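Below is one structure; the comments refer to it alone.
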Amino acid sequence: RLLSLGYQAIRENRFELARSSFDQAVDIQRESPEIQQAFEELDTQERIFNIKSMKYKALTAEVNEQWDNAQALYKSILNLDPNIGEIKESLTRVNQRIELSNNLTYFISSKDKLNDDKFFTQAETMLTQAQNVINPGPVLKEQISEMAQILKIAAIPIEVTIFSDNATEILIFKIGNLGVFERSVILLRPGVYRAAGKRKGYRDVQQDFKVSANKKDQSIRVECKERI
């Protein structure tokens, strides 16, 4: 009677009730092979049910671009059964999307570094990788759009006027030695730069400055003033 109630509960996915029925059966008839078999069936069906449930939730999380949630669910499934090839493939796919999303977020938040040629090329490569994703969701589409706009702006040089004293030798890191002058206009891509000045008999100077996109009349002054 108790075993029948337990099996009926399994068919209805009421696993706690099934386990309670089998536990009561053990109290009545210990070391019964039928009861042991019933517990094994319960464990199997409960595991299958949980896997199906978590798989559905993981797929839903993927559709909603909730990659961390999907990753946790797929890992939980593999903890129950590490040999499901389909779930391993899904986890690999999700891990790739997490990495892509994190990389895009990094490049978008580091736009002031895009005046570095190597960094700019890496960002372009990442954008191409994102654009090649089949059926991107709204979150990825927004990241792609923002990244493309940032790269477009970062590629356009801006006029910057550098004032000096016609005695200080000016160097801009990433650009090169500009020499000695009183006023010079150069083209620089948006981003953060460091200018250095040297003059014999004077203390060297360094100055960080930022070139902003779509902004006119940007200038800095670099000159060595302190005698040594």
Side-chain angles (χ1 to χ4, degrees), residues 2-3 5-26 33-114 118-151:
L2 288 171
L3 288 181
L5 287 173
Y7 277 113
Q8 179 61 34
I10 290 175
R11 287 191 288 271
E12 296 172 356
N13 299 324
R14 300 166 69 188
F15 302 111
E16 290 301 321
L17 177 59
R19 193 171 301 280
S20 176
S21 297
F22 295 157
D23 284 340
Q24 293 178 54
V26 169
E34 289 82 4
I35 297 177
Q36 181 61 36
Q37 184 178 352
F39 275 114
E40 291 174 359
E41 180 67 13
L42 169 60
D43 290 339
T44 299
Q45 294 304 321
E46 186 173 19
R47 183 169 64 253
I48 291 172
F49 176 84
N50 287 335
I51 288 173
K52 287 182 178 179
S53 176
M54 284 189 288
K55 180 182 175 182
Y56 175 78
K57 290 178 181 178
L59 290 171
T60 301
E62 283 197 65
V63 169
N64 293 317
E65 297 177 271
Q66 297 171 348
W67 304 112
D68 290 339
N69 190 18
Q71 181 190 58
L73 287 163
Y74 285 134
K75 285 182 176 180
S76 295
I77 292 173
L78 291 174
N79 285 336
L80 293 176
D81 188 342
N83 299 313
I84 307 177
E86 177 191 359
I87 300 302
K88 289 180 180 179
E89 292 175 4
S90 296
L91 180 58
T92 298
R93 179 180 64 250
V94 167
N95 286 340
Q96 290 171 344
R97 289 299 298 268
I98 289 174
E99 182 179 11
L100 176 61
S101 179
N102 289 342
N103 284 334
L104 287 172
T105 299
Y106 170 70
F107 281 110
I108 289 170
S109 65
S110 305
K111 56 186 177 182
D112 285 344
K113 298 179 182 178
L114 288 169
K118 183 178 179 181
F119 194 78
F120 187 91
T121 300
Q122 291 174 340
E124 284 186 314
T125 300
M126 191 55 56
L127 176 60
T128 300
Q129 183 180 337
Q131 290 170 331
N132 289 334
V133 171
I134 299 173
N135 297 324
V139 174
L140 180 56
K141 285 181 179 179
E142 179 63 27
Q143 286 181 307
I144 290 172
S145 176
E146 186 175 3
M147 185 77 169
Q149 182 64 16
I150 286 173
L151 287 175

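All values derive from a computational prediction rather than experimental measurement.
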For [Y], does its backbone N or O pair with a side-chain atom of [X] as donor and acceptor, under 3.5 Å?
{"X": "S20", "Y": "E16", "answer": "no"}
{"X": "K111", "Y": "L151", "answer": "no"}
{"X": "S109", "Y": "Y106", "answer": "yes"}
{"X": "S21", "Y": "L17", "answer": "yes"}
{"X": "Q71", "Y": "V94", "answer": "no"}

If I take atom [atom1] from residue [X] and atom [atom2] from residue [Y], how far apart are they, to the nearest 0.5 angstrom?
{"X": "T105", "Y": "M147", "atom1": "OG1", "atom2": "CE", "value": "10.0 Å"}
{"X": "L100", "Y": "N95", "atom1": "CG", "atom2": "CG", "value": "12.5 Å"}
{"X": "I84", "Y": "E89", "atom1": "CD1", "atom2": "CD", "value": "12.0 Å"}
{"X": "Q143", "Y": "N103", "atom1": "CD", "atom2": "CG", "value": "10.0 Å"}
{"X": "I150", "Y": "F120", "atom1": "CD1", "atom2": "CZ", "value": "11.0 Å"}
{"X": "K113", "Y": "K118", "atom1": "NZ", "atom2": "NZ", "value": "13.0 Å"}

Is the shortest side-chain heavy-atom distance between [X] and [Y] below 4.5 Å?
{"X": "E65", "Y": "P138", "value": "yes"}
{"X": "N64", "Y": "N69", "value": "no"}
{"X": "Q129", "Y": "T125", "value": "no"}
{"X": "D81", "Y": "I77", "value": "no"}
{"X": "L140", "Y": "R97", "value": "yes"}

Problem - Ring geometry between F119 and F107 (parallel below 30°, tilted from 30 to 60°, perpendicular above 60°) - result: tilted
Practice task
Count the heavy atoms belonging to other residues, nucleotides or ligands that lie under 6.0 Å from CD of Q8, then report whether that count exceeds 12.
Solution key: yes
Exercise for the section: Could you list the residues that satisfy salt bridge (Lys or Arg N to Asp or Glu O under 4.0 Å) with D68, not counting sequence neighbours? Expected result: none
Completion exercise
Closest non-hydrogen atoms of L114 and A123, given as atom of the first, atom of the second and distance, are CD2-CB, 3.7 Å
Problem - Under the side-chain contact (heavy atoms from CB on, under 4.5 Å) test, residues paired with Q36 that sit two or more places apart - result: E40
What donor-acceptor contacts under 3.5 angstrom involve side-chain atoms of residues 47-63, with partners at least two apart or in another chain?
unit_1, atom_1, unit_2, atom_2, d
N50, ND2, E46, O, 3.2
K55, NZ, E86, OE1, 3.2
K55, NZ, E86, OE2, 2.7
T60, OG1, Y56, O, 2.9
E62, OE1, R93, NE, 3.0
E62, OE1, R93, NH2, 3.3
E62, OE2, Y74, OH, 2.6
E62, OE2, R93, NH2, 2.8

